[in-house]
Amino acid sequence: QVQLVESGGGLVQAGGSLRLSCAASERTFSRYAMAWFRQAPGKEREFVAAISWSATNTNYADSVKGRFTISRDNAKNTVDLQMNSLKAEDTAVYYCGARQPPNGNMYYIGLRTDDYEYWGQGTQVTVSS
């Protein structure tokens, strides 16, 4: 069972930056595909960014391209989301997701909530306009 703990959320003004971090308990974390999703009040959870276990493949939602960067440190069992130029519409609870890729595919990334087996408890990001 993988346990994920997000941190780094908070209140920031529009145009500002935040860095979210997700720490994983699993010692084989380096073989897990990881992603960030977010959920705003009254809305479904939506994809934000994903990274393969090898870190050779990443993907971003159109709404965050050029502003957010996903990265991972397999030695520290962490995946981070650097968020710049934040907008009011980025306000949401941000969740970290993890899964073992099919056949250990080093390039695999999932874009749907159903693609991920494990989730953290979430961290609130509020952007004031």
Side-chain angles (χ1 to χ4, degrees):
Q1 185 78 10
V2 179
Q3 292 185 329
L4 303 172
V5 179
E6 300 97 335
S7 62
L11 174 64
V12 64
Q13 288 188 333
S17 299
L18 280 176
R19 188 176 184 89
L20 306 183
S21 187
C22 173
S25 63
E26 176 59 45
R27 61 183 175 85
T28 60
F29 166 82
S30 62
R31 291 297 185 264
Y32 279 72
M34 303 294 296
W36 287 94
F37 285 72
R38 66 187 181 187
Q39 188 167 17
K43 295 187 177 181
E44 294 187 350
R45 192 171 297 189
E46 65 174 6
F47 171 76
V48 175
I51 188 166
S52 61
W53 71 252
S54 62
T56 54
N57 194 15
T58 59
N59 196 288
Y60 297 90
D62 288 343
S63 59
V64 306
K65 279 182 182 176
R67 300 188 298 123
F68 291 10
T69 303
I70 189 170
S71 61
R72 66 188 297 157
D73 186 334
N74 287 341
K76 295 182 179 180
N77 283 12
T78 58
V79 59
D80 290 351
L81 185 69
Q82 177 66 42
M83 306 186 296
N84 298 328
S85 302
L86 283 161
K87 305 175 181 179
E89 51 263 44
D90 294 319
T91 295
V93 177
Y94 283 70
Y95 297 90
C96 173
R99 70 160 289 165
Q100 290 184 309
N103 301 313
N105 187 339
M106 66 185 293
Y107 302 111
Y108 174 87
I109 53 175
L111 306 183
R112 305 172 306 167
T113 54
D114 289 350
D115 290 333
Y116 292 88
E117 302 170 81
Y118 305 102
W119 294 93
Q121 81 291 346
T123 185
Q124 176 71 47
V125 172
T126 303
V127 184
S128 62
S129 56

Going hydrophobic residue to hydrophobic residue with side-chain gaps under 4.5 angstrom, can you get from M34 over to F47? no
Quick one: do Y107 and W53 end up in the same hydrophobic cluster if we chain Ile, Leu, Val, Met, Phe, Trp and Tyr together by side-chain heavy atoms under 4.5 Å apart? yes
L18 and Y60: same hydrophobic cluster, using ILVMFWY side-chain contacts below 4.5 Å? yes
Taking Y116 for the side chain and G110 for the main chain, is one N or O donor matched with an acceptor at less than 3.5 Å? yes
Say whether, by atom type as modelled, one donor and one acceptor occur between the side chain of N103 and the main chain of N105 under 3.5 angstrom. no
Can you tell me if CD on Q121 sees more than 12 non-hydrogen neighbours from other groups inside 6.0 Å? yes
Salt bridge (Lys or Arg N to Asp or Glu O under 4.0 Å) pairs, two or more places apart, involving residues 120-129: none
Only pairs at least two apart or in different chains count here, so list each salt bridge (Lys or Arg N to Asp or Glu O under 4.0 Å) that has a residue in residues 114-129. R112-D115
Nearest heavy-atom pair of I109 and A50: which atoms, and what distance? CB-CB, 4.0 Å
Distance, nearest 0.5 Å, that separates CG of L86 from OG of S129: 12.5 Å
Can a donor-acceptor pair be found, under 3.5 Å and without considering hydrogens, that links the side chain of Q39 to the backbone of K43? yes
Look up atom CG in N59 and atom CG in L111, then write down how far apart they are to the nearest 0.5 Å. 5.0 Å
Checking E6 side chain against C96 main chain: does a donor-acceptor pair fall under 3.5 Å? yes
Say whether, by atom type as modelled, one donor and one acceptor occur between the side chain of S30 and the main chain of N74 under 3.5 angstrom. no
To the nearest 0.5 Å, atom CZ of R38 lies from atom CD of Q124 at 12.0 Å
So if you build clusters from Ile, Leu, Val, Met, Phe, Trp, Tyr with side-chain heavy-atom gaps below 4.5 Å, do V2 and L81 land together? yes
Check whether T58 reaches the backbone of I51 with its side chain - one donor and one acceptor, N or O, closer than 3.5 Å. no
So, for F68 and V48, which heavy atoms are closest and what is the spacing to 0.1 Å? CD2-CG1, 3.7 Å
Please report the shortest heavy-atom distance between G9 and V125, naming the atom on each side. CA-CG2, 4.2 Å
Side chain S52, main chain M106, donor-acceptor under 3.5 Å: yes
For Y118, what residues pass the ring pair (Phe, Tyr, Trp, His ring centres under 6.0 Å) criterion, not counting sequence neighbours? none
Look up atom OG in S54 and atom CZ in R31, then write down how far apart they are to the nearest 0.5 Å. 9.0 Å
I want to check a possible cation-pi pair here: R72 against Y32, using under 6.0 Å from ring centre and within 45° of the ring axis as the test. no
Between D80 and Q82, do the side chains contain a donor N or O and an acceptor N or O under 3.5 Å apart? no
In Å and rounded to the nearest 0.5 Å, what is the CG to OG distance from D90 to S63? 7.0 Å
Indicate if W119 and V79 have the same hydrophobic cluster label, given that clusters are the connected sets of ILVMFWY residues with side-chain heavy-atom separations under 4.5 angstrom. no
Enter the distance from W36:CH2 to I70:CD1 here, rounded to the nearest 0.5 Å. 8.0 Å
